[in-house]
Colleague: 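This structure is in structure tokens; I'll ask about it shortly.
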Amino acid sequence: MSDDREYVKTGIKGIDEILANKGIPQGYIVFVIGSPGSGKTTLGWQFLLNGIKNSNENAVYVSLYESPKYLIKNAKSLGLDIQSLVDENKLIIVDASPIRFNPGQLQMGDVSVGKREFALISLIDSIRKNVEKIDAKRLVIDPLATLILQYPDVIERRTAVLDLMQAVATT
């Protein structure tokens, strides 16, 4: 059986080797799970920066927890120059950290919308707009746990993650 899918190399030697030196099938969504400090954010940055550097693929980084200023400073301490890529419009950092402050309900006319749902809709809209703005080919949303923790009910959590995955897949 032939595999005629297109692949996207991560640019991370050990990971690409594990992936038969092909990379990730183009269009796939990959969840990276690990404890704090395990390297999820660093892996995300390497994936984005390698795409910009090696494949001329613009990128969007969505932060659900830390401010862009902190992310740029922290990345610089790791030897990653993110600010210049932002300045060149090759990278957009979306500050979606306020999503964690949206419990309760929002009243929109006669309709009551949960603030979590409103925050998710706003997040999806922001991702779409920023991906389109620079024709980004790579996207990292970090940390996804921040979104997941917004939904204590397992069914709501599953629905939110699936809604986000569907939106990202069609972006």
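Along the sequence shown, the residues carry numbers beginning at 1. Nothing here was measured: the structure is a model prediction, and the numbers come from that model.
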Colleague: What's the spacing between Gln83 CD and Ile93 CD1 if we round to 0.5 Å?
Modeller: 7.5 Å
Colleague: Hey, does the side chain of Thr159 reach the backbone of Ile155 with a donor-acceptor pair shorter than 3.5 angstrom?
Modeller: yes
Colleague: If two hydrophobic side chains count as joined below 4.5 Å and joins carry through other members, does Val168 share a cluster with Phe31?
Modeller: yes
Colleague: Please answer whether the main-chain N or O of Ser35 pairs with a side-chain N or O of Ser38 as donor and acceptor at a distance below 3.5 Å.
Modeller: yes
Colleague: Only one of Leu78, Leu71, Asn74, Val140 passes side chain to side chain contact (heavy atoms under 4.5 Å, CB included) with Trp45; say which it is.
Modeller: Leu71
Colleague: Tell me, do Leu147 and Leu144 make a side-chain contact under 4.5 Å, heavy atoms counted?
Modeller: yes
Colleague: Flag the pair Phe47 / Ile15 as yes when at least one side-chain heavy-atom distance between them is below 4.5 Å, and no otherwise.
Modeller: no
Colleague: Is it true that a side-chain atom of Lys9 and a backbone atom of Asn21 form a donor plus acceptor pair closer than 3.5 Å?
Modeller: yes
Colleague: In the structure I gave you, are the side-chain heavy atoms of Leu85 and Leu49 within less than 4.5 Å of one another anywhere?
Modeller: yes
Colleague: Just wondering, more than 12 heavy atoms not from Gln166 lying within 6.0 Å of its CD?
Modeller: no
Colleague: Working to the nearest 0.5 Å, report the span between CD1 of Ile29 and CD1 of Ile24.
Modeller: 11.5 Å
Colleague: Just by modelled atom types, is the Pro152 backbone N or O under 3.5 Å from a matching donor or acceptor in the Arg157 side chain?
Modeller: yes
Colleague: Quick one, Asp125 and Lys129 - any side-chain contact, counting heavy atoms below 4.5 Å?
Modeller: yes
Colleague: Hey, are the side chains of Thr170 and Arg128 touching, using non-hydrogen atoms and a 4.5 Å cut-off?
Modeller: yes
Colleague: Are more than 12 heavy atoms from other residues, nucleotides or ligands located less than 6.0 Å from atom CZ of Arg158?
Modeller: no
Colleague: Taking all heavy atoms of Ala136 and all of Val60, pick out the closest pair and write down the distance.
Modeller: CB-CG2, 3.7 Å
Colleague: Which atoms form the tightest heavy-atom contact between Asp16 and Gly23, and what is the distance?
Modeller: OD1-CA, 3.7 Å
Colleague: For the backbone of Val32 and the side chain of Lys40, can you confirm whether one donor and one acceptor N or O come within less than 3.5 Å of each other?
Modeller: no
Colleague: Are Tyr28 and Ile12 grouped together when hydrophobic residues (ILVMFWY) are joined by side-chain heavy atoms under 4.5 angstrom apart?
Modeller: yes
Colleague: Above 12 or not: heavy atoms from other molecules or residues under 6.0 Å from CD of Glu17?
Modeller: yes
Colleague: Quick one: NZ on Lys137 to CG on Asn56, what's the gap to the nearest 0.5 Å?
Modeller: 11.0 Å
Colleague: Let me check something: do Leu139 and Leu164 share a hydrophobic cluster, defined by ILVMFWY side-chain heavy atoms less than 4.5 Å apart, either directly or through other members?
Modeller: yes
Colleague: So if you build clusters from Ile, Leu, Val, Met, Phe, Trp, Tyr with side-chain heavy-atom gaps below 4.5 Å, do Ile134 and Val86 land together?
Modeller: no
Colleague: Is any side-chain heavy atom of Thr41 closer than 4.5 Å to one of Tyr61?
Modeller: yes
Colleague: Quick one: CD1 on Ile92 to CD1 on Ile127, what's the gap to the nearest 0.5 Å?
Modeller: 12.0 Å
Colleague: Please check if Tyr151 and Val62 belong to a single hydrophobic cluster, counting links between Ile, Leu, Val, Met, Phe, Trp and Tyr side chain heavy atoms closer than 4.5 Å.
Modeller: yes
Colleague: Looking only at heavy atoms, what is the nearest atom pair of Ala167 and Ile124, with distance?
Modeller: CB-CG2, 3.3 Å
Colleague: Can you tell me how far CG of Leu91 sits from CG of Asn58, rounded to the nearest 0.5 angstrom?
Modeller: 8.5 Å
Colleague: Look up atom OH in Tyr65 and atom CG in Asp95, then write down how far apart they are to the nearest 0.5 Å.
Modeller: 13.0 Å
Colleague: Using a 3.5 Å distance criterion without hydrogens, assess whether the side chain of Ser67 forms a donor-acceptor pair with backbone atoms of Tyr70.
Modeller: yes
Colleague: Closest approach of Leu64 and Pro143, non-hydrogen atoms and distance?
Modeller: CD1-O, 3.4 Å
Colleague: Just one of Ile141, Asn130, Leu123 clears the side chain to side chain contact (heavy atoms under 4.5 Å, CB included) bar with Val94, so which one?
Modeller: Asn130
Colleague: For the pair Arg138 (side chain) and Glu57 (backbone), establish whether a donor and an acceptor sit closer than 3.5 Å, ignoring hydrogens and angles.
Modeller: no
Colleague: Any non-hydrogen side-chain atom of Lys22 less than 4.5 Å from a side-chain atom of Asp3?
Modeller: yes
